[in-house]
Every structure is written in structure tokens, then in C-alpha cells.
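Some notes on the structure that comes next.
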Amino acid sequence: MLDISYASPKPKVIAGATGDWELVIGMEIHAQVASNAKLFSGASTQVGAEPNSNVAFVDAAMPGMLPVINEFCVEQAVRSGLGLKAQINLRSAFDRKNYFYPDLPQGYQISQLYHPIVGEGEVIVEMGPGVARRVRIERIHLEQDAGKSIHDMDPNMSFVDFNRTGVALMEIVSRPDIRGPEEAAAYVAKLRQILRYLGTCDGNMQNGNLRADVNVSVCRPGDYEKYQASQDFSHLGTRCEIKNMNSLRFIQAAIEYEARRQIAILEDGGKVDQETRLYDPDKGETRSMRSKEEAHDYRYFPCPDLLPLEIEQAWVDDIAASMPELPDAKKARFMADFGLTDYDANVLTAEVDNAAFFEAVAKGRDGKQAANWIINELFGRLNKDGKGVADSPLSPAQIGGVLDLIASGEITTKMAKDLFEILWNEGGDPAEQAARHGMKQVTDTGEIERALDALIAANPEQVEKAKVNAKLAGWFTGQVLKATGGKANPAVVNQMVAAKLGL
Ligand code: ADP
Ligand code: MG
């Protein structure tokens, strides 16, 4: 368990004509469950398949078809809940949320309103070293995704693709504990990171694999504290919900715009209508989509096709026992065990693949040096080629081999950078490649001494200057390194210069 006490960041404050306003944000995140089959059918979830090719009879809502729960999707929801330190409900139940839409052949969505599978949990969102916002999670429920209507393929017709119909989603609902646009983006990023570590959602936001409904309201300073003390929502302002956001940048811009829109209304003496809005990235505005619907508008009722879902504590315990190390724990361990800075630890734990790569290199070596090489050289080089560590031409063993050659004094840091480039292009064993390319640090002090003696003899004025100002001795070091073609160890040369000049 982590024991880190964080300071709480300040909420975002917007100055209005009538005084200050604070932002209050709560999010509903739809995360597609990483599963090969749908929530209630065996149809494939593969993206990019021929339209309407991954549709079982139950997905198409053929009469008489019955949904059958996919145990793997349930396991993924439980695993996600455990990752958010949440309560797992051993008994949950599915409800029908009724509405008509062309991409919803059933005429209802199977969801969990009254008895979700996961209850209260939390996400710690770091906003800087030692500063974090604790965002409470209210619930996670399992539900079906809808299909896709396609309006831009023909001027006179619309099409519908049911491939996505019935794919499992986890809806992760936060409390209104997010206090500004940056925190909102950081919250989504952190949640995505946790789900990716767990392997329960791919988190590909461009594909809509993870998308957020963002609820925004504004209040006066002090009101939020009253809400926190009482959990009474009447201390908060009326919220608007911005639907289906799948970009961290747009989430921030939409919140900023929406808060200012609400403040303008309130300062004008008006009141905010509770409604669902859409963000238009081209205009940078939100616009009204529909007035807010309530649960009763959907005529929710328990789905008669599905028995309540009962799971056993022993099964939950098994899942808990197989949990991977999560980002916060990994970051703390990297800082403690490898002496990494907060920044380096953040970079190296952002993606679980990066962390594994680093650890393979750092094991039994200088962790700080390994971190520098991976962040500066490897990531720098991968970024240039638009690659991730998964397709890195260099293996951890190769980078480790380069570091070992530096540590044993066989090559200089400068040579190591050249060797890195050679290995990147040609592959091979680091020691063999270094030998083949004549990379060998001069450790023969005789050769260094000869070069230095010649320099001293030829430059008496430089010797006098260095004796007055020791800093100028660096000139000799530079010249020796040059004379030995960069193969001498600078530290050894420095020592020898100081000894010869009597500094
Ligand atoms: P619904 O199911 O009708 O959308 P919920 O009460 O479940 O409503 O809330 C949905 C989301 O709105 C939650 O993430 C919640 O934290 C957030 N929320 C509720 N009240 C506010 C508010 N005043 N300001 C900002 N967000 C809010
Ligand atoms: Mg909602």
C-alpha cells in the first residue's frame, strides 16, 4: 500500500464582474472493455471489420433471442474496480434503459442503474510533485454500447453499422471532485493509465475506445466546502453535461468555454438550464443538444431476460491476487529503489511497456544512468521515428550492454552514443560492435602522459596561466582528448593534468 500524503491543489478560479467563481466538474467515462466478444453475445468486437459482419442474432435483437452474460467482461469490470480501490458488489443487476434510436435495434440499452457491479472507489490525480487531487468514484456499471449511424456516405440516405452494438462498456462515474480543466484532463489520463495497466480497456481515445461525458457547474468560493461537509448538492450550481469527448485538449477547452458561458448567464441575473450539450471543436463552443433527461424518462426496469448477477468473494479474491503493480506503486518503487526523480519516474511509468523496458535495463545497474539513457537517447530516438518501445530496434539487453561498457571503462560516454547509433542501424552485440568499430577508451596512461608532456612543453604560457587560475587547466584536458581522438577518459586526463601542473 502507498503511504504518500499529498497537498491538495487549489481549484480554478475565474474572476467575474460580480466576484470570483469556482469550477466543479464530475465525469462519466465510457471505457470499452478489452474483450474479444461482446457483453451478451459471442460476436467479435474487432474494429475495422466489414460493416454488419460482427452481429449475432441477439445483437440485432431478433425476436426470441436471449442475452447470455460474458463472464470475461464481468471479470474485467471487477478488475477495474479493484484497480480503483473500489467496493465490489457481489450482487448486481441489469436494467433496461428504454429509448428509440436507429442504431439501437433492441429499443433499449441493457445497463445497471440500481445495482452496479462496482461501488465507491477513488483515483489519485497528481498535479505536481507531492500535489494531488483525490477524486471519488461513485460507481462503475456494465452496459452495452450502441451501433453507429453513418450520415456522410450518401446525400440522400443514412446507413447503420451494428458491429459495435452490444460491445461491453464500463461506465465509470466520478463524484464532482474535479476542480479545473487541467485536473479534468489529468483525471482522464490517470484513469486511462490505470485501465491500460490492468489491461481492462485499451484506452484508444481517437477510436472512441474511451470517451468522457463532462459535467460542469460553477459556484462561489466556499460553496464547494459546504457541499463536501454535507454532501448536499444544493450548495452547488446547476450543471451542464458535455457529451462524448474523446480528446484531452478538447475536454479542457470545452470546460473553460462552458464555465464562462454559465458565469455570464448567472452574472446577468439568469439561471443555467440543466441540459446536455455538445462541444464543437471548430468553433470552440458548446451548444445545446437536448434538455436534461431524468431516469424516469427512460422507464428503467429490471431486465427480465437476465437474472441478477451473483459473483463469489473467492472469485473476486482470485482476481485481486492476480492484479499487476499499478502506476502509483510502480512510480514510488522506482523513486525509492532506483533513486529516480519524480519527473523521470512519471515518464518511465506512463506506459507499462516503458516501465518494463526500463526495469530490464536498470536491473543490477545504475538506475539513474539507465533512466537517462532510456528517456534521452532511446525515447528521443523512438519519437523521431514515430515508434513506441514495443517496436524499438534496440532491446533492453543491448542498451544494458552499452551501459556495462561505460561502467567498466571500456568506452567513453561519447563513444557510447556513437555505439547506440550503430546498434540502432546495424543491430548486434554491443561489445562486439564496439570492438569492430575500434571503440576503445585509452586506459594506457602512458599514451595520455606522452600527449600531455608534449603539450606542456609546447605551451609554457598556458602552463603559467593554469597555475594562476586552475580553471584554465581544462584547456590541457581538452587538447589531450583531441590528441587521443576522444578515446581517453576525461576524468583520468583531468587527474593527470592536475598532477603534472601541481594544482
Ligand atoms: P445523471 O445520471 O442524471 O447524469 P448523476 O447524479 O449520476 O446524474 O451525475 C452524473 C455526473 O454529474 C456525476 O459524475 C456527478 O459527479 C456529476 N455532477 C453532479 N452534480 C454536479 C454539479 N453540480 N456540478 C458538476 N458535476 C456534477
Ligand atoms: Mg449520466
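The residues of the chain are indexed from 1 along the displayed sequence. We count ligands from 1, going down the list as the structure has it; atoms in each ligand are counted the same way. Note: hydrogens, waters and symmetry copies are ignored here, and every other heavy atom, side chains too, is used.
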Give the contacting part of Asn215 toward ligand 1: side chain, backbone, both or neither, where contact means a heavy-atom distance below 4.0 Å.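 It is both backbone and side chain that touch ligand 1.
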Check each heavy atom of Arg175 against ligand 1 and say whether those closer than 4.0 Å belong to the side chain, the backbone, both or neither. backbone
Kindly confirm or rule out a cation-pi arrangement of Arg134 over Tyr6, judged by NZ or CZ under 6.0 Å from the six-membered ring centre and within 45° of its axis?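 Cation-pi check for Arg134 and Tyr6: fails.
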Identify the heavy atoms of Pro302 and Asp95 that sit nearest to each other, and give their distance.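 In terms of heavy atoms, the two residues are closest at CA-OD1, 3.5 Å.
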Taking atom 24 (N) of ligand 1 as the point of reference, which of Gly26, Ser217, Ala212, Gly237 owns the nearest heavy atom?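 Of the listed residues, Ser217 has the closest heavy atom.
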Shortest heavy-atom approach to atom 8 (O) of ligand 1 - which of Glu171, Gln274, Arg239, Glu241: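 Answer by nearest heavy atom: Arg239.
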Please list, in number order, the atoms of ligand 1 under 4.0 Å from a heavy atom of [X].
X      : result
Pro176 : 16 (O), 26 (N), 27 (C)
Val24  : 24 (N), 25 (C)
Phe233 : 19 (C), 20 (N)
Val173 : 13 (C), 14 (O)

Between Arg211 and Asn244, do the side chains contain an N or O donor and an N or O acceptor separated by less than 3.5 Å? yes
State the CG-OG1 distance between Asn346 and Thr341, to the nearest 0.5 angstrom. 8.5 Å
Validation row, ring centre Tyr279 to ring centre Tyr257 under 6.0 Å: no
Parallel, tilted or perpendicular: which one describes the rings of Tyr99 and Tyr298, with boundaries at 30° and 60°? perpendicular
Within-4.5 Å side-chain heavy-atom neighbours: Val188 and Ile251: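 Val188 vs Ile251: side chains touch.
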Just distances here: any N/O of Leu236 and N/O of ligand 1 closer than 3.5 Å?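 The answer is no, given that Leu236 and ligand 1 share no N or O pair closer than 3.5 Å.
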